[in-house]
Participant: 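First, the structure itself, so that you have it in front of you.
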Amino acid sequence: MEKLTKIAWRIITGTQWWSGTDTKIQLEIYRDGTRLLLANLEPGRTSRLNRGENATYFWEFKDPSGLGTAVSGTVVPYYIEFPNGLSGHLKVKLIATGDDAWEKISIKSTAFTGDLKWVPGTIDSVYWEEQQKEFYFEQDVVLSTDTSEGHPNWTLLY
């Protein structure tokens, strides 16, 4: 079982004159076909990805109740369980919300997972051990609601 706490995307966009910057990109995160969330790739008032951009965005999962968890004084980040692991069970869909063509050259995605580990020689001391898995999506893809320019969405299969 893997406990996913956060996903990061290092995105490189195209430099072509037609590769627009005004289309907002949304993302959907799925586990085994069940949508876990829908959010904007660029949160809040962050500007759109420009031409030739090389930027990192991330999504950190939060407990919907707003409460945190601690075990023996160690903060445990909120996580989504993947009982069969991430590979073949996690997917992220990028969705264009406008017709200004948005070119993705490549994405390096890092999935952050972790687990509580007992401290040897203690009765109740624990620590959170985090692991990172990297995934590469290097296919050049254009996203746009105008299907003559590109695809309305693109799915990253982990």
Side-chain angles (χ1 to χ4, degrees), residues 1-16 19-21 23-64 68-71 74-98 100-120 126-144 149-158:
M1 173 183 314
E2 292 187 86
K3 299 172 180 176
L4 181 65
T5 60
K6 179 171 52 173
I7 306 174
W9 299 274
R10 183 85 176 154
I11 301 173
I12 298 174
T13 58
T15 58
Q16 304 295 326
S19 182
T21 61
T23 291
K24 184 188 303 181
I25 302 296
Q26 292 183 320
L27 60 90
E28 294 178 329
I29 299 176
Y30 290 85
R31 176 188 54 210
D32 292 327
T34 300
R35 188 171 83 178
L36 301 173
L37 72 94
L38 168 65
N40 291 327
L41 173 65
E42 302 153 304
R45 297 182 179 188
T46 305
S47 60
R48 304 284 76 82
L49 279 167
N50 291 322
R51 289 179 190 92
E53 190 82 39
N54 187 344
T56 299
Y57 297 91
F58 70 92
W59 180 265
E60 186 171 357
F61 293 96
K62 299 286 185 192
D63 188 334
T69 303
V71 175
T74 298
V75 175
V76 178
Y78 185 76
Y79 56 83
I80 302 294
E81 290 183 350
F82 280 76
N84 300 310
L86 298 179
S87 187
H89 302 280
L90 170 64
K91 73 177 181 180
V92 174
K93 184 185 291 187
L94 302 173
I95 304 164
T97 62
D100 196 9
W102 186 88
E103 184 183 17
K104 172 205 75 81
I105 300 296
S106 69
I107 295 177
K108 173 187 167 188
S109 182
T110 305
F112 296 83
T113 61
D115 210 347
L116 278 178
K117 301 290 183 179
W118 293 102
V119 176
V126 295
Y127 64 97
W128 181 260
E129 183 175 84
E130 184 175 81
Q131 296 89 37
Q132 298 178 15
K133 290 186 172 185
E134 293 185 351
F135 302 87
Y136 298 92
F137 305 96
E138 296 183 350
Q139 186 174 4
D140 189 352
V141 176
V142 176
L143 295 178
S144 175
E149 291 185 347
H151 304 276
N153 59 66
W154 193 256
T155 303
L156 308 176
L157 302 173
Y158 288 72

Participant: With a 6.0 Å cut-off on ring centres, are Phe137 and Tyr158 close enough?
Facilitator: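 Ring centroids of Phe137 and Tyr158 are less than 6.0 Å from each other.
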
Participant: side-chain contact (heavy atoms from CB on, under 4.5 Å) between Ile80 and Leu36: does it pass, once the steps are laid out?
Facilitator: CA-CA 9 Å; Ile80 302 294; Leu36 301 173; 3.8 Å; yes

Participant: Checking the side chain of Thr97 only, and the main-chain atoms of Lys24 only, is there a donor and an acceptor separated by less than 3.5 Å?
Facilitator: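 Side chain of Thr97 to backbone of Lys24: a pair is present.
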
Participant: At what distance, to the nearest 0.5 angstrom, does CG of Leu94 lie from CH2 of Trp102?
Facilitator: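 Result: 6.0 Å between the selected atoms.
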
Participant: Step by step, would you call Glu2 with Lys133 a salt bridge (Lys or Arg N to Asp or Glu O under 4.0 Å)?
Facilitator: CA-CA 11 Å; Glu2 292 187 86; Lys133 290 186 172 185; 2.8 Å; yes

Participant: Would a distance-only check, ignoring hydrogens and angles, find a side-chain to backbone donor-acceptor pair under 3.5 Å from Lys108 to Ala8?
Facilitator: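 Looks like no, no N/O pair under 3.5 Å.
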
Participant: Once side-chain hydrogen bond (donor to acceptor under 3.5 Å, both in side chains) is applied, do any residues pair with Tyr78, and if so which ones, sequence neighbours excluded?
Facilitator: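 Residues passing side-chain hydrogen bond (donor to acceptor under 3.5 Å, both in side chains) with Tyr78: none at all.
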
Participant: Working to the nearest 0.5 angstrom, can you tell me the gap between Trp154 CH2 and Ile95 CD1?
Facilitator: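 CD1 of Ile95 is found 14.0 Å from CH2 of Trp154.
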
Participant: Does Leu156 reach the side chain of Ile107, with side-chain heavy atoms less than 4.5 Å apart?
Facilitator: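 Yes, close enough: below the 4.5 Å cut-off.
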
Participant: For the residue pair Asn84 / His89, report whether a side-chain donor-acceptor contact shorter than 3.5 Å exists.
Facilitator: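 Absent: no donor and acceptor within the cut-off.
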
Participant: Heavy atoms, side chains only, cut-off 4.5 Å: are Glu103 and Asp140 in contact?
Facilitator: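 Yes, their side chains come closer than 4.5 Å.
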
Participant: Would you say Leu38 and Gln26 make side-chain contact, with heavy atoms under 4.5 Å?
Facilitator: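 Side-chain contact under 4.5 Å: yes.
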
Participant: Please report the interatomic distance CD1(Ile29) to NZ(Lys93), rounded to the nearest 0.5 Å.
Facilitator: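 Between atom CD1 of Ile29 and atom NZ of Lys93 there are 13.0 Å.
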
Participant: Are the side chains of Ile11 and Leu41 in touch, meaning some heavy atoms are under 4.5 Å apart?
Facilitator: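 Yes, side chains in contact.
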
Participant: I'd like to check Leu143 versus Ile25 (side-chain heavy atoms, cut-off strictly below 4.5 Å). Are they in contact?
Facilitator: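 When only atoms from C-beta onward are counted, Ile25 and Leu143 do touch, with a gap below 4.5 Å.
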
Participant: Any chance the side chains of Glu129 and Gln131 put a donor and an acceptor closer than 3.5 Å?
Facilitator: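 A donor-acceptor contact under 3.5 Å links the two side chains.
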
Participant: With a 4.5 Å limit on heavy-atom distance, are the side chains of Ser109 and Ile7 in contact?
Facilitator: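 Yes, their side chains come closer than 4.5 Å.
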
Participant: Does the distance from a Lys or Arg side-chain N to an Asp or Glu carboxylate O, for Lys3 and Glu81, drop under 4.0 Å?
Facilitator: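 Salt bridge absent between Lys3 and Glu81.
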
Participant: Within 45 degrees of the axis of the six-membered ring of Phe58 and under 6.0 Å from its centre: does Lys6 put its NZ or CZ there?
Facilitator: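 Lys6 over Phe58 ring: yes.
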
Participant: Sub-3.5 Å donor-acceptor pair from the side chain of Thr13 to the main-chain atoms of Glu53, do we have one?
Facilitator: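 Between the backbone of Glu53 and the side chain of Thr13 there is a qualifying donor-acceptor contact (under 3.5 Å).
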
Participant: What are the two closest heavy atoms between Ser144 and Ala101, and how far apart are they?
Facilitator: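 Heavy atoms of Ser144 and Ala101 come nearest at CB-CA, 4.0 Å.
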
Participant: Side chains of Trp9 and Leu27, heavy atoms from C-beta outward: is any pair under 4.5 Å?
Facilitator: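 Yes. Closest side-chain heavy atoms under 4.5 Å.
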
Participant: Do Arg10 and Asn54 pass the side-chain contact (heavy atoms from CB on, under 4.5 Å) test, and can you show the C-alpha distance, the side-chain angles, and the key distance before you say yes or no?
Facilitator: CA-CA 7 Å; Arg10 183 85 176 154; Asn54 187 344; 2.9 Å; yes

Participant: If the test is side-chain contact (heavy atoms from CB on, under 4.5 Å), which one of Trp128, Trp59, Phe61 qualifies with Thr5?
Facilitator: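 That would be Trp128.
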
Participant: Give a yes-or-no answer on whether the side chains of Thr15 and Arg51 include a donor-acceptor pair shorter than 3.5 Å.
Facilitator: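 No donor-acceptor contact under 3.5 Å links the two side chains.
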
Participant: Using 0.5 Å steps for rounding, measure from the OH atom of Tyr127 to the CG atom of Leu116.
Facilitator: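 Separation between the atoms: 10.0 Å.
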
Participant: Between Tyr79 and Leu4, is any pair of side-chain heavy atoms under 4.5 Å apart?
Facilitator: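 A side-chain contact under 4.5 Å is absent here.
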
Participant: Does Tyr30 have Lys91 sitting over its ring (NZ/CZ under 6.0 Å from centre, angle to axis within 45°)?
Facilitator: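 Judged by the rule, Lys91 and Tyr30 form a cation-pi pair.
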
